[in-house]
Amino acid sequence: MKITVLGCGAIGKLWLAALSGNHEVQGWLRIPQPYLNVNIDSLNGEPFYGQFTTNDPEFLAETELLLVCLKAWQASEAVNQLLPQIPESCPVLLLHNGMGVARELSRVTNPLLTGVTSHGASEENGLLHHNRNGMTHIGPVNDRARHYGYLADVLHDALPDVAWHNEIDAASWQKLAVNCVISPLTVIYDCKNGGLMAHLPQVRELCDEVALVMQREGIHTDSMDIYEYILHVIEKTADSSSSMRQDILYGRYTEIDYITGYLLQRARYHGILLPENIHVYSLVKQKEEQNAPFSS
Ligand code: KPL
C-alpha cells in the first residue's frame, strides 16, 4: 500500500518506521523539508534507522491511507487542506488524544476512521525512544469507513496490537477518561504519571465526574471501573511524563480543549455540572497561556 503519515512527531515517526517494512510510505510535514530521518532505539526489538520522502504531491495523489498523527488541535485544518489532493476513496485515519476532531470533519466524504493508541514514544536529540508497547483501537466514523476493517490487519502487522471496533466510541471514551484524569493533574502537580499516587482523592473525584458523562453518552461503565483502570495506567506508566506535561514543558499548545474541554462540552449538553473538571481545565489553560507565544 501507499501510505502518507500526516504529522511526524514521535508517534508519527513510530508508525512511519513500522509501516515501512511492508509498505511504501512518506511523511507529510507542516514545514516541508527534503527528507525525514527516523532513528529509533528499538522498534519491535531491533534498532531502526531510515530516511523517508516527505511532501511528495504525486505520492499523495496515489495514497491509499492517510494516517493523521497530528495533535488534535492541528488535525482538522491540516486534513481539510490535503483532502483535495488525495483520492476520494482514500481512508483517513485520525490517531490523536482527545475527542471532537471527527465532528469537526463530519463533512468529509472520504472514508473517515478514528483511533486511540497506548504506545508511548518520545524523542531526544534526534533519537526516538519507543518507551511503551501498547494497544491501538480503530473504528469507523462515517458509513463509508465501515468496511475498512482490513486496516486493523495492516497496522497490526506493522506495530501490534491493533483491534478493529465496529463501534469505536467506548474505546475512545475510555482513552478520553484516562487523559481527562492523568494529563491535567500531571501538569498541575508538574510530576510524572506515578506522582499522582499522592493525589488519589482528586483522581477519584475526577473519575466520578467523567463516569457521569460517559454513562449519559451510553457507555456501559461506572466510576469504580474507571478509577481502577486509571490506577492501573498510572502504575504501568509511572515513569512516563504525560504528553500534556511535555507540551507544557516545551512551550507548546496542549490538547486540553479536546480532552477536558470535550468532556465539559458533552456535560453541558447533558445538563451536568463537573466542578472538579472545570477547576483543572482552568488551571491548565492558565499554564498554557503563561507559555505563549506557542510553538507546535
Ligand atoms: O496517553 C497518555 C499521554 O500521555 O498522552 C497517558 C496514558 C496519560 C500516558 O502518559
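Order of appearance sets the numbers: ligands from 1, and atoms from 1 within every ligand. All values derive from a computational prediction rather than experimental measurement.
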Handout entry: Side-chain donor-acceptor pair present, His137, Gln174, cut-off under 3.5 Å
Key = no
Fill in the blank from the handout: Across all chains, not counting sequence neighbours, the ring pair (Phe, Tyr, Trp, His ring centres under 6.0 Å) partners of Tyr281 are none
Practice task
Identify the residue among Ile259, Asn179, Asn97 that makes a side-chain contact (heavy atoms from CB on, under 4.5 Å) with Met244.
Solution key: Ile259
Please produce the table of protein N or O atoms sitting under 3.5 Å from N or O atoms belonging to ligand 1, one pair a line, distance to 0.1 Å.
| from | atom 1 | to | atom 2 | distance (Å) |
| --- | --- | --- | --- | --- |
| ligand 1 | 1 (O) | Lys175 | NZ | 3.1 |
| ligand 1 | 1 (O) | Asn179 | ND2 | 3.3 |
| ligand 1 | 4 (O) | Ser243 | N | 2.8 |
| ligand 1 | 4 (O) | Ser243 | OG | 3.4 |
| ligand 1 | 5 (O) | Asn97 | ND2 | 2.8 |
| ligand 1 | 5 (O) | Ser243 | OG | 2.6 |
| ligand 1 | 10 (O) | Asn193 | ND2 | 2.9 |

Exercise for the section: State which residues pass side-chain contact (heavy atoms from CB on, under 4.5 Å) with Ala152; sequence neighbours excluded, sorted by chain then number. Expected result: Ile138, Val162, Trp164
Handout entry: Pairs meeting criterion ring pair (Phe, Tyr, Trp, His ring centres under 6.0 Å) with involvement of residues 12-56, two or more places apart
Key = none
Fill in the blank from the handout: Only residue of Glu205, Gln215, Arg204 satisfying side-chain contact (heavy atoms from CB on, under 4.5 Å) with Ser223 is Arg204
